[in-house]
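All residue numbers in this chain count up from 1 along the given sequence.
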Amino acid sequence: MIIPVVTKDIMYFSKLKSKINVNKYSLIQIKNRKEIEDILLDKNFLLMIVDFSDDFAKSIELKNLIKNRDIVSIGYYPHVNENLKQNAIKFGTGKQVTRNQLFKNINNIVDEFS
């Protein structure tokens, strides 16, 4: 299963990619609106991971782009910024985790939704 990860943080994305079970999942990085539009138009995704410390994730644009699709989203945020968890809840994510939790448990978290 291919899973888009909405983040501009290439270092963290690389860390996630190194932890994911490559026999089951493949992560692709989404850095801007055009990429998400192209990906959503081209493929049907069941799951998306969203960085809520990223300005794009905070925008209503992203929510509007995926609201009419059956995509479950996992929101992550830095543990020092708990208010971003509330943004992820308002966005409608199916699960909210800290960056550290996602990094340590990415395969288990993704398995919950696949």
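- Put simply, CZ on Phe113 and OG on Ser73 are 8.5 Å apart, with the number rounded to the nearest 0.5 Å.
- In the hydrophobic clustering of ILVMFWY residues, with side-chain heavy atoms under 4.5 Å counting as a link, Ile49 and Ile30 come out apart.
- Counting all heavy atoms, side chain and backbone alike, Thr93 lies closest to Ala88 at OG1-O, 2.9 Å.
- Atom-to-atom distance recorded for Gln86:CD and Phe52:CZ is 11.5 Å, nearest 0.5 angstrom.
- Residues Phe13 and Gln29 share a closest heavy-atom pair of CZ-N, 3.4 Å.
- Atoms CD and CD1, on Gln101 and Ile106 in that order, are 13.0 Å from each other to the nearest 0.5 Å.
- No continuous path of ILVMFWY side-chain contacts below 4.5 Å connects Leu84 to Val97, so the two sit in separate hydrophobic clusters.
- Taking every heavy atom of both residues into account, Gln96 and Gly94 meet most closely at NE2-C, 4.2 Å.
- Counting heavy atoms from C-beta on, the side chains of Asp111 and Lys24 come closer than 4.5 Å.
- Both Val50 and Ile28 are members of a single hydrophobic cluster when ILVMFWY side chains are connected at heavy-atom separations under 4.5 Å.
- The cluster map of Ile, Leu, Val, Met, Phe, Trp and Tyr, joined by side-chain heavy atoms under 4.5 Å apart, puts Ile109 and Val22 in the same cluster.
- Ile3 CD1 to Ile74 CD1: the interatomic distance, rounded to the nearest 0.5 Å, is 7.0 Å.
- Inter-residue side-chain proximity for Glu35 and Asp38 is flagged as unmet; no heavy-atom pair is nearer than 4.5 Å.
- When only modelled atom types and interatomic distance are considered, Asp54 and Tyr76 share no side-chain donor-acceptor pair under 3.5 Å.
- Shortest non-hydrogen contact noted between Asn23 and Asn21 is N-OD1, 2.9 Å.
- Phe91 is connected to Val6 through a chain of hydrophobic side-chain contacts under 4.5 Å among Ile, Leu, Val, Met, Phe, Trp and Tyr, so both are in one cluster.
- Once rounded to the nearest 0.5 Å, the distance linking NZ of Lys19 with CG of Leu102 reads 10.5 Å.
- Interatomic distance, CD of Glu112 versus CG of Leu47, reported as 10.5 Å (0.5 Å rounding).
- Two residues are said to be in side-chain contact when any heavy atoms from C-beta on lie closer than 4.5 Å; Tyr12 and Thr7 fail this criterion.
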